[in-house]
Amino acid sequence: MILGVALLGNPVLRGIARPFTAGEIAAPETQRLVEDMIETMREYSGVGLAAPQVQVPGRLVVMESMGDPPAQALPLQVLFNPELSLAGAETEEDWEGCLSVPDLRGKVPRARTVRVKALDREGRPLEFIAEGLHARILQHECDHLDGRVFLDRMTDLSSLTHLAEFRRISKEAKSS
Ligand code: NI
């Protein structure tokens, strides 16, 4: 089922989401929520979605990127209770958008590499290091669990760009 996406201004996007217990992860309604979040992310061509964005104040994110370029492809990942820590000092700035902040793109500085501890879809613990686009999406989605959107992380709002202009810029960049 495709879920409604909360838009900026909705208080659910500014709250602190609560962790899932093992029992809650295994519950059919939670597994159904995971399915619905994946379907919703794909329907709206997002590369990630956090539960608060579909009005559920819990610590759950889904991510997937088909890859553009293909080297940036990210297989479907479902994480409960993710915890991020820095795995390097390097930061980089790149464009981000958000289904809860429609039609805007902005340049956001993020850590290049992060260490992730989380539970997978079946509630099994996992730990890994992510970098580049994967690390960026993780930081963006985990911010949603703490009531933050990418606009809060921008250090210079002058890069904020309407999607129509962004498409024009990327077209020019590609053709030059
Ligand atoms: Ni977002």
Side-chain angles (χ1 to χ4, degrees), residues 1-20 30 33-68 72-86 91-114 116 118-119 121 130-167 169-170:
M1 189 172 74
I2 293 161
L3 304 169
V5 175
L7 299 176
L8 192 64
N10 188 318
V12 74
L13 293 173
R14 292 308 192 174
I16 307 290
R18 50 163 194 78
F20 282 81
T30 305
L33 170 66
V34 170
E35 278 306 314
D36 289 345
M37 282 175 61
I38 293 168
E39 198 179 335
T40 304
M41 170 178 67
R42 289 176 176 162
E43 172 70 17
Y44 296 114
S45 304
V47 292
L49 192 65
Q53 291 184 276
V54 293
Q55 316 251 12
V56 176
R59 304 187 83 81
L60 162 64
V61 303
V62 300
M63 292 167 292
E64 182 182 50
S65 172
M66 298 310 174
D68 180 23
Q72 300 253 40
L74 173 66
L76 178 66
Q77 196 163 43
V78 175
L79 301 177
F80 285 97
N81 306 343
E83 289 172 31
L84 301 189
S85 55
L86 289 181
T91 61
E92 57 190 11
E93 198 172 60
D94 209 343
W95 293 101
E96 290 187 23
C98 181
L99 295 179
S100 297
V101 189
D103 296 338
L104 287 176
R105 297 289 182 272
K107 281 189 171 178
V108 187
R110 298 281 188 187
R112 214 193 103 62
T113 319
V114 290
V116 186
L119 300 174
R121 195 176 170 166
E131 58 173 39
L133 179 67
H134 189 190
R136 177 170 298 276
I137 297 171
L138 276 160
Q139 288 167 87
H140 178 118
E141 299 312 328
C142 289
D143 267 355
H144 278 303
L145 306 181
D146 291 322
R148 288 193 203 95
V149 297
F150 77 91
L151 300 169
D152 305 322
R153 296 292 193 186
M154 290 178 70
T155 49
D156 179 2
L157 286 171
S158 71
S159 74
L160 204 58
T161 301
H162 193 276
L163 187 58
E165 283 295 325
F166 179 79
R167 288 195 174 128
I169 293 165
S170 2

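In this text, all values refer to a predicted model and were calculated from it rather than measured experimentally. Remember, it's 1-based here, ligands and their atoms both numbered in the order they're listed. Hydrogens, waters and symmetry mates play no part in the numbers below; they use all other heavy atoms, side chains included.
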### Task
Flag the pair Q55 / L3 as yes when at least one side-chain heavy-atom distance between them is below 4.5 Å, and no otherwise.
no
### Query
Are R153 and E96 side-chain neighbours, meaning at least one heavy-atom pair lies under 4.5 Å?
no
Donor-acceptor pairs under 3.5 angstrom involving side-chain atoms of residues 41-54: please list them, not counting sequence neighbours.
residue	atom	partner	partner atom	Å
R42	NE	E64	OE1	2.8
R42	NH2	E64	OE1	3.4
R42	NH2	E64	OE2	2.9
Q53	OE1	A50	N	3.0
Q53	NE2	S100	OG	2.9

### Message
Under a 4.0 Å threshold between the charged nitrogen and the carboxylate oxygen, would D146 count as salt-bridged to R59?
### Response
yes
### Task
With sequence neighbours left out, write down each residue that passes side chain to side chain donor-acceptor pair (under 3.5 Å) with S85, or none if nothing qualifies.
none
### Task
With the Ni ion (ligand 1) as the centre, enumerate protein N/O/S atoms below 2.8 Å in chain and residue order.
C98 SG, H140 NE2, H144 NE2
### Task
Sequence neighbours left out, what passes ring pair (Phe, Tyr, Trp, His ring centres under 6.0 Å) with F150? Give chain and number order.
none
